[in-house]
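What follows is a set of notes on a single structure, which appears directly below.
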2 protein chains.
Amino acid sequence: MGRWEPDARGRMLDAALELFAEQGYDNTTAGDIAARAGVTERTFFRHFADKREVLFVGPVSLDEVATSAIAALGDDVPPLSAALAAVRAVAAELGAARTREQAATRASIVAATPALRERELLKMASMTEAITRALVGRGAPQTVAGLAAHNAGGVFAAAFARWVSEDGEPDFARCIDDATEVLRQLG
Amino acid sequence: MGRWEPDARGRMLDAALELFAEQGYDNTTAGDIAARAGVTERTFFRHFADKREVLFVGPVSLDEVATSAIAALGDDVPPLSAALAAVRAVAAELGAARTREQAATRASIVAATPALRERELLKMASMTEAITRALVGRGAPQTVAGLAAHNAGGVFAAAFARWVSEDGEPDFARCIDDATEVLRQLG
DNA sequence: GTCTATAGGGCGATAGAC
DNA sequence: GTCTATCGCCCTATAGAC
């Protein structure tokens with residue numbers, strides 16, 4: 001047995017989610033989270049660049065999931081279809097990593113806090129850019145790639161909203177397919 | 001002549017843009033900006049909710065510009081076309097309020113600073129939501145409205161990037177039209 | 001305007017793992 | 001010995017309270 005209890009990071013992640021749900025993000029200090037996890041405030045900031053980041057770390061990078069999904073496709077798949085395949089892969093990842101209830105709890109905390117919404121939007125933009133880069137790498141013009149990635153991002157957002165909604169479809173992948181169908185009918 | 005120099009807010013806006021460009025956002029404190037503008041730090045925070053906000057205030061609300069543009073359309077205009085009309089109106093507003101060079105300077109500062117990118121994304125998301133609400137108000141289903149707004153947001157982003165790029169088209173409205181054409185060809 | 005709590009960075013010390 | 005995680009203390013800037 002080491003000098004410290006193991007899995008300090010895991011304890012901080014759990015403590016943060018609990019405290020944010022109990023008393024709100026703004027009323028919870030980094031020190032509160034550290035205390036409940038049995039570490040010092042300074043240790044918290046060594047693991048997470050800032051207080052918000054504790055809600056946005058995961059075992060895998062969604063950017064990489066999206067990029068890999070596109071790399072696995074044949075060269076003849078058109079840009080929009082490739083972008084949609086990428087968000088479908090990301091949805092599958094998230095759907096496997098969390099239950100619908102966990103995702104809904106986290107989403108309600110994020111939705112209630114502007115600072116957290118900002119961070120969520122940055123992560124989403126990062127995914128959109130990863131998809132854009134992957135499409136450009138396959139030969140798509142910049143504007144085409146950017147628009148395809150943006151459209152796919154819209155599908156992801158719509159599907160996620162439906163998935164975590166009160167009377168939502170319990171299968172994230174199916175939500176993606178439904179939103180894709182609506183997109184195809186749009187224009 | 002009053003007790004204070006007039007237009008404190010305008011001086012703070014100018015000072016912030018200068019200092020951010022000269023020494024970077026992170027190396028510039030709110031006190032630095034206030035000092036150059038000839039006011040106290042406290043005055044700075046009375047005008048702007050936080051340090052980032054000084055780069056995101058404007059004479060008009062872009063949400064309202066988008067909403068009004070949609071309200072001016074006939075009921076028979078389909079959702080995607082209405083959303084595109086909204087971002088075209090926003091682009092016209094921005095194109096009139098700033099020169100291409102001013103917009104490019106500001107964009108390069110924002111792009112270089114994650115904290116500012118987050119705020120920019122929040123403003124963009126706010127516009128997207130305003131468009132979504134306006135479309136739902138016209139009878140569009142939630143998913144259709146959200147996807148149309150997202151697609152239009154992608155067009156706006158692509159057009160803006162082109163407008164402020166080194167060898168960009170000097171007319172923002174034309175950039176919007178070009179990106180719209182690419183979107184129509186996408187699916 | 002002043003006062004204060006919180007966010008978040010810097011750095012050396014410490015104790016184990018290897 | 002080196003490497004890594006943690007502590008503990010000091011610091012400044014942000015931003016809200018009074």
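Quantities reported herein were computed from a predicted structural model and do not represent experimental measurements. Here is how names work: the chains are called A, B, and so on, in the same order as the sequence lines, proteins then strands, and each is numbered from 1.
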* To do: Over all heavy atoms of both residues, which pair between B:Leu121 and A:Leu122 is shortest? Give the atoms and the distance, please.
  =>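 In terms of heavy atoms, the two residues are closest at CD1-CA, 3.6 Å.
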* Could you give the angle between the helix axes at the two ends of the helix from C:dG1-D:dC18 to C:dC18-D:dG1, with five pairs per end, rounded to 10 degrees? -> 10°
Is any NZ, NE, NH1 or NH2 atom of the basic residue among [X] and [Y] found under 4.0 Å from an Asp or Glu carboxylate oxygen of the other?
X: B:Glu5; Y: B:Arg11; answer: no
X: B:Arg88; Y: B:Glu93; answer: no
X: A:Arg117; Y: B:Glu129; answer: yes

Just distance, no hydrogens or angles: give the donor-acceptor pairs under 3.5 Å from side chains in residues 66-77 of chain A, sequence neighbours left out.
| from | atom 1 | to | atom 2 | distance (Å) |
| --- | --- | --- | --- | --- |
| A:Thr67 | OG1 | A:Asp63 | O | 2.8 |
| A:Ser68 | OG | A:Glu64 | O | 2.7 |

Return the value, rounded to whole Å, for the distance between atom [atom1] of [X] and atom [atom2] of [N].
X: B:Phe44; N: D:dG16; atom1: CZ; atom2: P; answer: 12 Å
X: A:Asn27; N: C:dA7; atom1: CG; atom2: C1'; answer: 16 Å
X: B:Tyr25; N: C:dG8; atom1: OH; atom2: C1'; answer: 14 Å

* Structure fact -> Heavy-atom contacts, protein to nucleotides 6-15 of chain D, under 4.0 Å, summarised as B (base), S (sugar-phosphate only) or - (none) per nt, yield BBBB---SBB
* Asked: When you measure from the centre of the six-membered ring of B:Tyr25, is the NZ or CZ of B:Lys51 under 6.0 Å away and within 45° of the axis?
  -> yes
* **A:Arg174 atom CZ: more than 12 heavy-atom contacts under 6.0 Å** => no
* Yes or no on side chain to side chain donor-acceptor pair (under 3.5 Å) for B:Thr29 and B:Asp32, after CA distance, side-chain angles and deciding distance? -> CA-CA 5 Å; B:Thr29 71; B:Asp32 292 343; 3.2 Å; yes
